[in-house]
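This report refers to the structure that appears directly beneath it.
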Number of protein chains: 2
Amino acid sequence: MPKSDAPSPSRAGRAAPPLRAVDGRVPGRRGLATRQRLVECTIELLASSPYRDLKVTDITRAAGTSPATFYQYFVDLETVLLAVAEQTATDGQQLVELIKGQQWKGNAGIGSAERLVDGFIDFWRTHRPTLRVLDLLSTEGDRRFRQIRVVMLNGMTKALASEIEAVQGSDCDVDPMAMAGALIGMLPQMAGHQGGFEAWDIPFDQVRESMIRLIYWGVNGPKVPKR
Amino acid sequence: MPKSDAPSPSRAGRAAPPLRAVDGRVPGRRGLATRQRLVECTIELLASSPYRDLKVTDITRAAGTSPATFYQYFVDLETVLLAVAEQTATDGQQLVELIKGQQWKGNAGIGSAERLVDGFIDFWRTHRPTLRVLDLLSTEGDRRFRQIRVVMLNGMTKALASEIEAVQGSDCDVDPMAMAGALIGMLPQMAGHQGGFEAWDIPFDQVRESMIRLIYWGVNGPKVPKR
DNA sequence: CATCAAATCTGACGCCGCATCAGAAAGTCT
DNA sequence: AGACTTTCTGATGCGGCGTCAGATTTGATG
């Protein structure tokens with residue numbers, strides 16, 4: 001089990017996050033401001049150029065500072081991306097509210113699925129560049145990014161799994177976490193490849209409709225033939 | 001402006017692809033052999049190190065040649081990855097056979113879905129490093145890679161869409177291509193994040209089971225409540 | 001088989017981004 | 001103001017990128 005060494009600085013109520021600079025000392029006001037400026041410039045640049053073309057030099061130029069300053073706060077390029085991703089991931093926790101305690105049966109169930117899908121698509125749209133990088137680096141196998149991605153989706157998955165359990169009771173013949181994971185995992189996929197569908201003349205609102213149905217089916221578990 | 005000079009050599013039935021070297025000339029036997037050697041070394045290296053760490057130097061070292069030779073056949077690192085991806089994508093066309101002309105209703109339908117899922121997972125396993133890069137660069141927005149990904153999945157999607165149409169007739173109230181796109185798009189997602197599920201103690205065979213059901217439902221389209 | 005032109009390969013080079021360090025500048029306390 | 005800490009930066013060595021002129025191999029020809 002990969003120990004989470006990231007101190008999850010976003011978790012509310014915890015003790016103050018250390019957030020040390022590379023030399024081990026705790027930055028003061030000005031330092032934190034500069035650090036934050038670097039993070040924001042990174043997000044901005046990410047929106048306009050693909051991640052693999054992003055250079056440390058670009059970030060420092062945009063922030064009006066020098067390369068050495070960058071390395072004061074981040075050990076390398078990936079580390080700042082990690083900070084960016086973490087910021088976005090905690091934002092994503094709000095999506096859990098679209099799952100927990102909703103109605104999932106019958107007519108209302110379709111409505112809940114609809115809100116979930118729309119909420120996710122909207123979330124993706126506003127955070128597109130960042131989420132793309134997160135997806136990118138986690139599929140590539142970087143544990144730190146995969147961890148963040150997992151944490152982000154884990155809340156949603158657990159919530160949806162418990163809804164599935166509530167709906168199907170002990171009748172469900174597939175692990176609720178697995179089904180929830182499949183459904184939740186589908187969402188970034190769809191949102192991310194939206195352009196791909198449109199390039200093929202598949203109207204995206206029809207894809208949206210398909211996702212809604214798949215979620216509805218996944219949660220309610222219509223009977224399937226035995227093998 | 002980077003002119004797309006890649007003549008899409010995968011398209012069957014077309015005239016023989018020129019496959020020129022960077023200087024515009026058509027390579028002979030020996031040239032093609034070294035080119036192929038470079039491609040194969042790239043695939044091999046991709047299996048052991050993440051794509052962003054892959055250097056041209058590494059490839060040429062592995063192939064026992066010099067950097068200049070590399071640039072004789074590929075304008076840059078991405079171009080060789082493009083060749084690698086193209087090779088894999090045409091391989092993937094065999095998966096269409098797991099869709100076309102299968103039974104999708106009732107008991108046999110579950111079997112077909114099962115074969116499709118297993119076939120895809122297996123395909124992914126054997127081509128993992130390459131497909132990861134393909135997914136990576138296409139989500140990043142590179143048109144050339146997205147094109148390849150689309151061509152690879154397009155065959156499957158069209159096949160599945162026509163099966164959906166055959167099963168549901170004019171009853172289906174969602175665009176078959178959209179539903180097929182959603183289902184097919186789900187597959188790389190699942191296969192790619194297999195490690196993610198296991199890190200979370202979700203048994204992957206349960207995820208597999210979920211995918212099978214989702215495909216079954218997607219194709220057969222159980223009734224859902226009206227809004 | 002000796003010759004030569006085309007094809008293929010390579011060593012060496014300039015360029016640029018990475019990452020570091022010593023020291024300058026700015027801020028803070030007494 | 002003086003002394004100390006925090007923050008920032010110019011200069012620098014290193015390593016990969018991509019190019020060129022020229023060396024080496026191939027194989028067609030007389």
Side-chain angles (χ1 to χ4, degrees), chain A residues 16-42 45-46 48-84 133 137 142, chain B residues 1-3 5-6 18-42 45-46 48-83 133 137 142:
Chain A
L19 189 50
R20 306 190 188 167
V22 292
D23 55 3
R25 290 181 306 175
V26 180
R29 268 190 207 102
R30 196 156 68 115
L32 285 176
T34 317
R35 194 194 119 107
Q36 186 58 22
R37 189 149 40 92
L38 287 167
V39 170
E40 310 225 324
C41 286
T42 305
L45 287 171
L46 235 33
S48 58
S49 73
Y51 130 82
R52 68 177 177 291
D53 292 344
L54 187 64
K55 314 288 180 200
V56 171
T57 321
D58 296 333
I59 299 175
T60 61
R61 238 196 307 273
T65 181
S66 89
T69 302
F70 178 92
Y71 289 102
Q72 184 89 8
Y73 298 104
F74 308 101
V75 299
D76 57 9
L77 188 61
E78 280 188 14
T79 310
V80 67
L81 293 176
L82 210 62
V84 166
V133 170
L137 293 177
D142 188 307
Chain B
M1 189 48 143
K3 183 85 174 306
D5 50 357
L19 189 53
R20 305 189 189 168
V22 291
D23 55 1
R25 291 180 306 176
V26 180
R29 265 187 215 105
R30 195 156 68 113
L32 285 176
T34 33
R35 193 195 119 105
Q36 186 58 23
R37 189 150 38 93
L38 287 167
V39 170
E40 311 224 324
C41 287
T42 304
L45 287 172
L46 235 32
S48 57
S49 72
Y51 128 82
R52 69 179 174 294
D53 292 344
L54 187 63
K55 313 288 179 200
V56 171
T57 320
D58 296 333
I59 300 174
T60 59
R61 238 197 306 273
T65 180
S66 88
T69 301
F70 178 93
Y71 290 101
Q72 184 90 8
Y73 299 104
F74 308 101
V75 299
D76 57 9
L77 188 61
E78 280 186 16
T79 311
V80 67
L81 292 176
L82 211 61
V133 171
L137 293 178
D142 189 305

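In what follows, chains are A, B, ... by sequence order, proteins preceding strands, each numbered from 1.
- Neither OP1 nor OP2 of C:dC9 sits under 4.0 Å from any side-chain N or O of B:T65.
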List, with names and distances, any nitrogen or oxygen atoms from the protein found under 3.5 Å away from nitrogen or oxygen atoms belonging to nucleotides 12-18 of chain D.
unit_1 : atom_1 : unit_2 : atom_2 : d
D:dC17 : OP1    : B:V56  : N      : 3.1
D:dC17 : OP2    : B:V56  : N      : 3.4
D:dC17 : OP2    : B:T57  : N      : 3.2
D:dC17 : OP2    : B:T57  : OG1    : 2.7
D:dG18 : OP2    : B:Y71  : OH     : 2.6

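- Atom CZ of A:F74 and atom P of C:dC18 are 15 Å apart (whole Å).
- Residue B:R37 contributes atom CZ, which lies 13 Å from atom P of C:dT8 at whole-angstrom precision.
- Taking only side-chain nitrogens and oxygens, B:T34 comes nearer than 4.0 Å to OP1 or OP2 of C:dC9.
- Put simply, the side chain of B:L137 does not reach to within 4.5 Å of the side chain of B:L82, judged on heavy atoms.
- None of A:L81, A:L45, A:T42 except one satisfies the side chain to side chain contact (heavy atoms under 4.5 Å, CB included) rule with A:Y51; the exception is A:L81.
- Rounded to the nearest 0.5 Å, atoms CG (A:L38) and CZ (A:F70) are 7.0 Å apart.
- Distance B:L32 CG to D:dT26 C1': 15 Å, rounded to the nearest Å.
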Output a table of nitrogen or oxygen pairs between the protein and nucleotides 23-25 of chain C separated by less than 3.5 Å.
none

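- Between the CZ atom of A:R35 and the P atom of D:dT6 there is a distance of 18 Å, rounded to whole Å.
- Scanning both residues, B:I59 and B:C41, for their nearest heavy atoms gives O-CB, 4.3 Å.
- With rounding to whole Å, B:L38 atom CG is found 12 Å from C:dC9 atom C1'.
- Regarding B:F70, its CZ atom lies at a distance of 17 Å from the P atom of D:dC20, rounded to whole Å.
- When every heavy atom of B:S66 is checked against every heavy atom of B:T60, the shortest pair comes out as O-CG2, 3.6 Å.
- A:F74 places none of its side-chain heavy atoms less than 4.5 Å from the side chain of A:V56.
- For the pair A:Q72 CD and C:dA22 P, the interatomic distance rounds to 14 Å; values are reported in whole Å.
- Between A:T69 and A:T34 there is a side-chain heavy-atom pair separated by less than 4.5 Å.
- Atom-to-atom, CZ of B:R29 to C1' of D:dT25 comes out at 15 Å; the value is rounded to the nearest Å.
- In this structure, A:D58 contributes its side chain and A:K55 its backbone to a donor-acceptor pair below 3.5 Å.
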